[in-house]
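What follows is a single structure, written as structure tokens, with notes after it.
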Amino acid sequence: MTILITGANGFLGHYLTAQLLKKGHTVVATGKGECRLPFGDNVHFQYISMDFCDPFVVHDVFKKIKPTVVVHAGAMSKPDDCEQQQWQAYLTNVEGTVTLLLNAEEQKSFFVFVSTDFVFDGLTGMYKEEDDRGPVNFYGKTKVEAEDAVQEYEYDWAIVRTVLVYGKPSSGRGNLLTVIKENLEKGEEYSVFNDQVRTPTFVEDLAAGIMAIIEKKATGIYHLSGEDILTPYEMSCKTADYLGLNKSLIRKVTAETFRQPAKRPAKTGFIIDKAKQELGYSPISFAEGLKKTFAD
Ligand SMILES: NC(=O)c1ccc[n+]([C@@H]2O[C@H](COP(=O)([O-])OP(=O)(O)OC[C@H]3O[C@@H](n4cnc5c(N)ncnc54)[C@H](OP(=O)(O)O)[C@@H]3O)[C@@H](O)[C@H]2O)c1
């Protein structure tokens, strides 16, 4: 079985590649530019530079690799960038997904698409897989369109939705916890929302859940997140407490008082019973995730 991953240089892509290799799977990691992964080419691993928005390149790669499984984790993943560069976001998140689906179809690959809690409107929170979607920003809209395309795929598919992913940074890009640490260590104030509710996801749990989907060939939609229900402000305070940093530098803000280019859904968070029952998914607590994020 050959597993092709898009966005392999990204936060999730890095951990997913590492876990699959550890279990002895054969991985073709793809990314936009040069390889930023720390694994050398060998019989189980190779890196190919593949801009998935380029249909000719994608076609060549798929013809050569003939992937059994495609995990599409690559995306324009920052909501504010998507809001400000909508054409680029559409090309990347929607058209790029369609290009991959068309090529996967030729190989009858199992297609696993990584989506987001931002497909929901955030009015109720604690969403189940079958709940109605209603994105409030352009990033969410592109993910809804891409999900729709995946659901029309002729062969087996799975959609994995996740929520605010954290953990030890892989290749540079930080996440809420590491950004808080950096700012507090410099003695700088940092503003975080206290009117958003999430179930933050430890990146290695997400990767393990996706690996279970691949190994069980589980199809359909799965919600993979943590179980602790927290606001980003609460996450930040817990981070400061754990690291012994000055949490009075953390400023509590709300959507009313702190504007961002892309509106955020207020309350998300997932019910993950389906993943627990069908995949044996078992995420760690936020307290444990904090320890692992900052372990040496
Ligand atoms: N992180 C979260 O909190 C979160 C929450 C919910 C859902 N998600 C979803 O989970 C998935 C993984 O997220 P992540 O945090 O790992 O994102 P990430 O770190 O931003 O990684 C995304 C990767 O996609 C690559 N990419 C973008 N456009 C590409 C293109 N045209 N061709 C090839 N590669 C391209 C980027 O390559 P470059 O680095 O070369 O630009 C980047 O490495 C994404 O689909 C995201 O929408 C993430």
Side-chain angles (χ1 to χ4, degrees), residues 4-18 28-37 47-58 61 70-82 85 87-100 103 112-120 122 127 135 137-147 150 159-179 196 198-207 209-210 222-226 232 235 262 264-265 268-270 289 293:
L4 184 146
I5 302 177
T6 71
N9 280 324
F11 188 32
L12 167 63
H14 173 109
Y15 281 98
L16 182 59
T17 304
V28 177
T30 71
K32 207 170 177 178
E34 293 304 302
C35 183
R36 299 200 299 272
L37 295 164
Y47 179 87
I48 301 179
S49 178
M50 181 184 82
D51 179 344
F52 55 70
C53 294
D54 183 334
F56 298 103
V57 173
V58 175
V61 171
V70 175
V71 181
H72 182 28
M76 232 172 114
S77 61
K78 293 184 185 160
D80 291 336
D81 290 351
C82 291
Q85 302 162 51
W87 182 234
Q88 190 56 38
Y90 187 84
L91 280 180
T92 306
N93 293 355
V94 183
E95 297 214 338
T97 304
V98 171
T99 298
L100 289 163
N103 285 279
V112 183
F113 175 63
V114 185
S115 188
T116 170
D117 56 333
F118 280 26
V119 297
F120 295 112
Y127 291 101
N137 60 35
F138 197 76
Y139 167 67
K141 284 181 190 164
T142 62
K143 288 288 194 177
V144 165
E145 277 212 38
E147 283 192 359
V150 173
I159 292 171
V160 174
R161 297 193 188 119
T162 191
V163 182
L164 209 164
V165 185
Y166 71 93
K168 204 182 270 299
S170 49
S171 49
R173 184 180 159 189
N175 50 79
L176 179 62
L177 274 56
T178 56
V179 170
Q196 291 174 0
R198 304 285 184 258
T199 47
T201 312
F202 183 56
V203 64
E204 295 184 48
D205 285 337
L206 175 60
I210 294 174
Y222 287 93
H223 281 182
L224 299 182
S225 75
M235 290 173 68
R264 278 19 182 210
T268 70
F270 285 162
T293 298

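Every number for a ligand or one of its atoms is a count from 1 in the order of the listing.
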NZ/NE/NH1/NH2 to OD/OE distance under 4.0 Å, Asp80 and Arg264:
yes
Once you measure the plane-to-plane angle for Trp87 and Tyr90, does it fall in the parallel (<30°), tilted (30-60°) or perpendicular (>60°) bin?
parallel
N/O donor-acceptor pair under 3.5 Å between His223 side chain and Tyr127 backbone
yes
Test item: Ser115 side-chain N/O and Ile159 main-chain N/O as donor-acceptor pair under 3.5 Å
no
So if I only count non-hydrogen atoms and take anything under 4.0 Å from ligand 1, which residues does that give, chain by chain?
Gly7, Asn9, Gly10, Phe11, Leu12, Lys32, Arg36, Met50, Asp51, Phe52, Cys53, Ala73, Gly74, Ala75, Ser77, Thr92, Val114, Ser115, Thr116, Tyr139, Lys143, Thr162, Leu164, Val165, Arg173
Could you list the residues that satisfy ring-ring contact (aromatic ring centres under 6.0 Å, His included) with Phe113, not counting sequence neighbours?
His72
Side chains of Thr201 and Ser225 only: does a donor on one sit below 3.5 Å from an acceptor on the other?
no
